Amino acid sequence: MFNCLRMYSLMLLTVMSMSAFAELPKGLRPIGEARLSFLWYDVYQARLFNLQGQFDGLKAPLVLQIIYRREISNQVLIEQTANQLANKVSEQEMQPWLADLAALWPDIRTDDQLTFHMRSSDSGDFYFNGQLLGNVEHPGFARAFINIWLADDGRYSRMAKQLRGEPDS
């Protein structure tokens, strides 16, 4: 009986510490906002947050929220992420990242939110409609992932500037 109670207490402490670990930071302030559209339809709206409300590089905590305006399958999300990362990291480095993402990400429906909380350059938590999906932790993962949206040399440099709160030029 004592061992059972002890085991239950240990499990409860583990769950409580995991939920405390997996919370978005309090006091987040918006930095910038951008919308990705093709022709006449919106794909998603993205927002970037940190504690200062001003972009200060890729310093954690940094939170990227994406609100999808159309349905997108898990498979398409993974393929698009792989395409965006292809010129930035090696295939060998990327494969474990994509495997973790494929296990975490659901299919997306219109108005679903996928949020990424960059905890460090290596680690980040994903939330789906406000609920924790899980953590991905690999060397360089979080920095490379969030740079899909924030890097000047990315596919959508104008959107990156908007997210970073920079004026359009």
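These figures come from a predicted structure and were not determined experimentally.
- Within a 6.0 Å sphere centred on CD of Gln75, heavy atoms belonging to other residues, nucleotides or ligands number 12 at most.
- Across all non-hydrogen atoms, the minimal contact from Ala86 to Met94 is CA-CE, 3.9 Å.
- Here the CZ-CZ distance, from Arg29 to Phe49, works out to 12.0 Å after rounding to the nearest 0.5 Å.
- Note that CG of Leu48 is 10.0 Å distant from CG of Leu28, once rounded to the nearest 0.5 Å.
- Residues Thr110 and Glu71 meet the side-chain proximity criterion, which asks for heavy atoms closer than 4.5 Å.
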* Show the numbers, then the answer: is there a side chain to side chain contact (heavy atoms under 4.5 Å, CB included) between Phe141 and Asp122? => CA-CA 5 Å; Phe141 166 75; Asp122 300 332; 6.0 Å; no

* Test side chain to side chain contact (heavy atoms under 4.5 Å, CB included) on Asp112 and Leu114 and set out the steps. => CA-CA 7 Å; Asp112 279 344; Leu114 190 60; over 6 Å; no

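- In the hydrophobic clustering of this structure, Phe145 groups with Phe55; members are Ile, Leu, Val, Met, Phe, Trp, Tyr whose side-chain heavy atoms approach within less than 4.5 Å, directly or through other members.
- How far OG1 of Thr115 is from CG of Leu64: 8.0 Å, rounded to the nearest 0.5 Å.
- Looking only at distances, a side-chain donor or acceptor of Asn74 sits under 3.5 Å from a matching main-chain atom of Trp105.
- For the pair Leu58/Ser121, no side-chain contact is recorded, criterion being any heavy-atom separation below 4.5 Å from C-beta on.
- Closest approach of Leu62 and Lys59 over heavy atoms only: CB-O, 3.9 Å.
- Across every non-hydrogen atom of Met118 and Ala60, the tightest pair is O-CB, 3.4 Å.
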Enumerate, atom names and distances included, each donor-acceptor pair closer than 3.5 Å involving a side-chain atom of residues 34-41, sequence neighbours excluded.
from, atom 1, to, atom 2, distance (Å)
Arg35, NH1, Asp42, OD2, 3.4
Ser37, OG, Asp42, OD1, 2.4

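- Contact detail for Leu104 and Leu133: the closest heavy-atom pair is CD2-O, 3.2 Å.
- The two residues Leu85 and Ala144 have their closest heavy-atom pair at CD2-O, 3.7 Å.
- If you take CD1 on Ile67 and CD1 on Ile108, they are separated by 11.5 Å, rounding to the nearest 0.5 Å.
- Each of Asn50, Leu163, Asp56, Val63 was evaluated against Ile31; a single residue qualifies, Asn50, per the side chain to side chain contact (heavy atoms under 4.5 Å, CB included) test.
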Report all side-chain donor-acceptor pairs from residues 148-155 shorter than 3.5 Å, counting only partners two or more places apart or in another chain.
from, atom 1, to, atom 2, distance (Å)
Trp149, NE1, Tyr44, OH, 3.0
Asp152, OD1, Arg164, NH1, 3.2
Asp152, OD1, Arg164, NH2, 2.6
Asp153, OD1, Lys88, NZ, 3.3
Asp153, OD2, Lys88, NZ, 3.1

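- Between the NZ atom in Lys26 and the CG atom in Leu51 there is a gap of 11.5 Å [rounded to 0.5 Å].
- Here the straight-line distance linking atom CZ of Arg109 with atom OG of Ser73 works out to 12.0 Å at 0.5 Å rounding.
- Closest of all the heavy-atom pairs between Pro139 and Trp97 is O-CZ2, 3.5 Å.
- For residues 69-90, no residue pair satisfies the ring-ring contact (aromatic ring centres under 6.0 Å, His included) rule, not counting sequence neighbours.
- No more than 12 heavy-atom neighbours from other residues, nucleotides or ligands sit within 6.0 angstrom of CD on Gln54.
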* Do Gln84 and Gln80 pass the side chain to side chain donor-acceptor pair (under 3.5 Å) test, and can you show the C-alpha distance, the side-chain angles, and the key distance before you say yes or no? -> CA-CA 6 Å; Gln84 295 294 323; Gln80 290 302 312; 4.8 Å; no

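- Partner of Gln65 under the side chain to side chain contact (heavy atoms under 4.5 Å, CB included) criterion, out of Gln113, Glu33, Gln45: Gln113 alone.
- The environment of Asn87 atom CG is sparse: at most 12 non-hydrogen atoms of other residues, nucleotides or ligands sit within 6.0 angstrom.
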